[in-house]
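Here the structure is a predicted model, which is why all the values come from computation and not from measurement. Proteins get letters first, then strands, A, B, ... in listed order; numbering begins at 1 in each.
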There are 2 protein chains.
Amino acid sequence: MKKRATIYDIAKALGITISTVSRALNNSDLISATTKDSVLRMAKQLDYRPNRLASSLSSGKTYIIGVIVPSAEIHFFSSFVSSLEVEFKRAGYSILLYQSNESFQSEENGVTTLLEAQVDGLIISPSLATTNFKHLERLHQENKPLLVFDRTDNRIAAPQVGIDDEKAGYLAASHLVQAGYQRIAFVSTASEITIFKNRFEGYLRALKQFKIPFDSSLVVRKGMSIDAGISGTNELLKLSRRPDAIIGGDDFTALGILNALSKAGIQPPEIGVVGFANQLFSAYITPSLTTIDQQATKMGAESAKLFLTMLQSASPQEMAEKRVVLEPILITRNTTSLEKQVLD
Amino acid sequence: MKKRATIYDIAKALGITISTVSRALNNSDLISATTKDSVLRMAKQLDYRPNRLASSLSSGKTYIIGVIVPSAEIHFFSSFVSSLEVEFKRAGYSILLYQSNESFQSEENGVTTLLEAQVDGLIISPSLATTNFKHLERLHQENKPLLVFDRTDNRIAAPQVGIDDEKAGYLAASHLVQAGYQRIAFVSTASEITIFKNRFEGYLRALKQFKIPFDSSLVVRKGMSIDAGISGTNELLKLSRRPDAIIGGDDFTALGILNALSKAGIQPPEIGVVGFANQLFSAYITPSLTTIDQQATKMGAESAKLFLTMLQSASPQEMAEKRVVLEPILITRNTTSLEKQVLD
DNA sequence: GTGAAAGCGCTAACAT
DNA sequence: ATGTTAGCGCTTTCAC
């Protein structure tokens, strides 16, 4: 295992200095074509590979972006990360990945870890447990770009990319009303996360618009998961005045809802069901699930684009007010309608 | 934006030298408890945060592991990465993520990028397009751990973690035979990737064992995707002697197969269908899909465990022969059987 | 137990 | 166009 060649080795071999080598390697314009050429040639000959660490230490830029997601296993997030990585790679940036696992403390540790690794900036979707944002202020202090996606919250002083969650809730509820449903239940989380509150607001707005009285017994907050969907539905079915439609907090919750309904001998769209997220499976289950698409890929691309401009900017702080709000997309399928669906 | 505190600041404030500070911070045992204490206190007071970059440059260890996957969007891989990240985080390592996007060139670039970032090692599942492994030998040269997962290949000199793919193919085919099917088709990729060849070998072994003649017209190699499943199935249905069961290269292919069968008015298990991967959706589609589970989470955990021991080892090269072979798990569902299934 | 000093490999003024 | 020379912040011998 012989030592890696450094710019010193190139300089020595060529009888020039390291600054010249460095310039040649970095394509500086104040260098002669011949020198540049011989340096490049010698670099290849010595199998030279730059040590980005040394460069980073000296220049202060690592070309690494920290990304914190609740879980990389959730399709929405992996899809987002995937899209982000593609865009960043193109711009010469890499992604250091950290999962908060929906834990606030883990998220704090993540910020620390990534900051110590000297990332050039941080992109995050806060955990469900995150209710204060002090740990994110450190990015400010270090004058490093911070961007929040999906679980946006105006209490965080940073640009944010997400969907219009109020509208998403509205879309879900109004779609159901227009499909003829009247008693629309809502099974979701008790989390104080802004986007979930907003979805609920949208649901309320739709009810109001269509002059449907709000009935709090139709709101169940047991979390978001298959199990939560099942137990929430069972609870709803016990009501003297049952719902005729149920909105799930996400597609997994909706899956649980479908399962519980099926066990009770009810086949949607007899009772309507709407999910959130447009998980891959939602098109393929039977009945296929009506849901709201969150545009993970587009969100990733938009986030990358915005973030790259922040990285150029001398004072990323000034962009803190920036918001990118993508349209939620209602995907109508068989849990709310009897039309034949085709897999695509 | 005042400058971050360094060990120099701590040293100056305390009237001691940076070596002492460094030792105290790193919990060296040849330091007095009082000094250690005062250093820690002062560090906190100055809001000191270590610069891992500097430490890495000096020590040669970054505590960052490069991970190259074909795509972070595929559930198997995101699930693997997620599991890996959890285990590594626990051991103080972070993950630098790179997607090859099934391109050999991109994969090569990935190796370069990660190596320049001075990762402490590399974990990879090679792209479908990867047929030579020179780019991975660089890890050897730098004496850094390399681990291959899932798409294992004995031509790579590195420890490998995967499932027994021959057995997986065998399980799929023998299960079908035992369920009463006789003409079993195989829709997969033409890729020369070892694991796909092995699955096919397993399929052949099952046929042989049950004395079912091999019929090459039942083997379709159009790739693995929903579309490939659809067109492959349409092709098979045109045969004068149709198959009575079809194995798909992965769950998406199987999804396409189901779709094409449904269009042709055929409802499994009339024709049996088996997939690979146990994607999340496979339990929830109708009919639910019989498939082979690849144990992504366990594979991630096993990989992390093995990799961590390699990181301890002075000569990780010596572990190149190490293989961890997980059992593929047959998940029997409704596409091969009429028993009632319950969502779990 | 603590200090002095030489690096780690590169960047970026400043000089020439 | 090229060279000189401080660093970047930390680790790690080697002394004392």
Side-chain angles (χ1 to χ4, degrees), chain A residues 1-40 42-43 46-64 115-120 142-144, chain B residues 1-40 42-43 46-64 115-120 142-144:
Chain A
M1 182 185 65
K2 46 182 177 294
K3 295 191 78 55
R4 294 231 57 83
T6 72
I7 54 173
Y8 281 93
D9 300 314
I10 300 179
K12 205 185 312 170
L14 255 36
I16 57 181
T17 67
I18 56 163
S19 16
T20 306
V21 174
S22 175
R23 290 193 188 98
L25 255 21
N26 291 300
N27 236 317
S28 163
D29 24 293
L30 31 75
I31 214 119
S32 80
T34 44
T35 325
K36 188 179 299 187
D37 201 63
S38 60
V39 167
L40 260 30
M42 182 57 72
L46 297 178
D47 192 29
Y48 166 79
R49 315 224 179 241
N51 182 333
R52 205 164 295 288
L53 228 53
S55 157
S56 296
L57 180 60
S58 168
S59 71
K61 299 182 56 51
T62 55
Y63 292 94
I64 293 177
L115 242 27
E116 288 184 1
Q118 309 299 119
V119 294
D120 283 349
E142 310 212 1
N143 199 36
K144 287 182 174 172
Chain B
M1 182 184 67
K2 46 182 178 290
K3 295 191 78 56
R4 292 233 57 81
T6 72
I7 55 173
Y8 282 92
D9 300 312
I10 301 180
K12 205 185 310 170
L14 256 33
I16 57 179
T17 65
I18 58 164
S19 8
T20 306
V21 175
S22 174
R23 290 193 187 98
L25 256 21
N26 291 301
N27 236 319
S28 164
D29 25 294
L30 32 75
I31 216 125
S32 79
T34 44
T35 324
K36 190 180 295 186
D37 201 62
S38 61
V39 166
L40 259 31
M42 181 57 73
L46 296 178
D47 192 30
Y48 166 79
R49 315 224 178 241
N51 180 334
R52 203 164 297 288
L53 227 53
S55 156
S56 296
L57 179 61
S58 168
S59 73
K61 299 180 58 50
T62 55
Y63 293 95
I64 292 178
L115 242 27
E116 288 185 1
Q118 308 299 120
V119 293
D120 284 348
E142 310 211 1
N143 198 38
K144 288 183 174 174

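Using a 4.0 Å heavy-atom cutoff across all strands shown, A:Ile16 reaches sugar-phosphate atoms only and no base atom. Looking at heavy-atom distances under 4.0 Å, B:Ile31 makes contact with sugar-phosphate atoms alone, never a base. Among the protein residues, A:Arg52 comes within range of no part of the nucleic acid, since none of its heavy atoms lies under 4.0 Å from any strand.
If you measure from atom CG of B:Asp37 to atom P of C:dT2, you get 12 Å, rounded to the nearest angstrom. Atoms CD1 (B:Ile18) and P (D:dT12) sit 13 Å apart, rounded to a whole Å. One can place CG of A:Asn27 at 14 Å from P of D:dA1, the figure rounded to the nearest angstrom. One interatomic measurement links the two molecules: CG of A:Asn26 to P of D:dT2, which rounds to 15 Å at whole-angstrom precision. As a whole-Å value, the separation of A:Leu14 CG from D:dA1 P is 17 Å. Atom-to-atom, NZ of A:Lys61 to C1' of D:dC8 comes out at 15 Å; the value is rounded to the nearest Å. Regarding B:Gln118, its CD atom lies at a distance of 9 Å from the C1' atom of C:dG9, rounded to whole Å. Remark: P of C:dC10 and CG of A:Leu53 are 10 Å apart, rounded to the nearest angstrom.
Heavy-atom minimum distance, A:Arg23 versus A:Ile31: CB-CD1, 3.4 Å. Closest of all the heavy-atom pairs between A:Asp120 and A:Lys61 is OD1-CA, 3.5 Å. Of all the heavy atoms in B:Ala11 and B:Thr17, the pair that sits closest is CB-C, 3.8 Å.
Annotation: cation-pi geometry not satisfied between A:Lys12 and A:Tyr8 (NZ/CZ under 6.0 angstrom from ring centroid, within 45° of ring axis).
In the interface, the side chain of A:Arg49 is not paired with the base of C:dG9 through any donor and acceptor atom under 3.5 Å apart.
Here A:Thr20 reaches the OP1 or OP2 of D:dG3: one of its side-chain N or O atoms lies under 4.0 Å away. Phosphate contact (OP1/OP2 of D:dT2, side-chain N/O of A:Thr35, threshold under 4.0 Å): present. OP1 and OP2 of D:dC8 both lie 4.0 Å or more from every side-chain N or O belonging to A:Ser56. Residue A:Tyr8 places no side-chain N or O under 4.0 Å from the OP1 or OP2 atom of C:dG7. Between B:Thr17 and C:dA4, a side-chain N or O to OP1/OP2 separation shorter than 4.0 Å is absent. Listed pair A:Ser19 / D:dT2 fails the phosphate criterion, with no side-chain N or O lying under 4.0 Å from OP1 or OP2. Under 4.0 angstrom from either OP1 or OP2 of C:dT11 there lies no side-chain N or O belonging to A:Ser58.
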Exercise. Dot-bracket for DNA chain C: what is it, with Watson-Crick or G-U pairs under 3.5 Å, [ ] where a pair crosses earlier ones, and | for a pair to another strand?
Worked result: ||||||||||||||||
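When distances run from any side-chain atom of A:Ser22 to the nucleotides D:dG9, C:dC14, C:dT11, the shortest one goes to C:dT11. Here the side chain of B:Ala54 is nearest to one of C:dA4, D:dG9, C:dA13, namely D:dG9. Of all nucleotides listed (C:dT11, D:dT13, C:dG9), C:dG9 comes nearest to the side chain of A:Leu57. Ranking D:dC10, D:dT12, C:dG9 by closeness to the B:Ser59 side chain, first place goes to D:dT12.
At most 12 heavy atoms of other shown residues, nucleotides or ligands fall within 6.0 angstrom of atom OH in A:Tyr63.
Both A:Ile7 and B:Leu30 lie close to DNA chain C; mapped to their nearest nucleotides by heavy-atom distance, the more 5′-ward contact belongs to B:Leu30.
Once rounded to the nearest 0.5 Å, the distance linking CG of B:Leu25 with CD1 of B:Ile10 reads 5.5 Å. For the atom pair CD1 of B:Ile7 and CE of B:Met42, the computed distance is 14.5 Å after rounding to the nearest 0.5 Å. B:Arg4 contributes atom CZ, which lies 5.5 Å from atom CZ of B:Arg49 (distance to the nearest 0.5 angstrom).
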For this session: Might you work through the side chain to side chain contact (heavy atoms under 4.5 Å, CB included) test for A:Thr20 and A:Thr35, ending with a clear yes or no?
Result: CA-CA 8 Å; A:Thr20 306; A:Thr35 325; 3.7 Å; yes
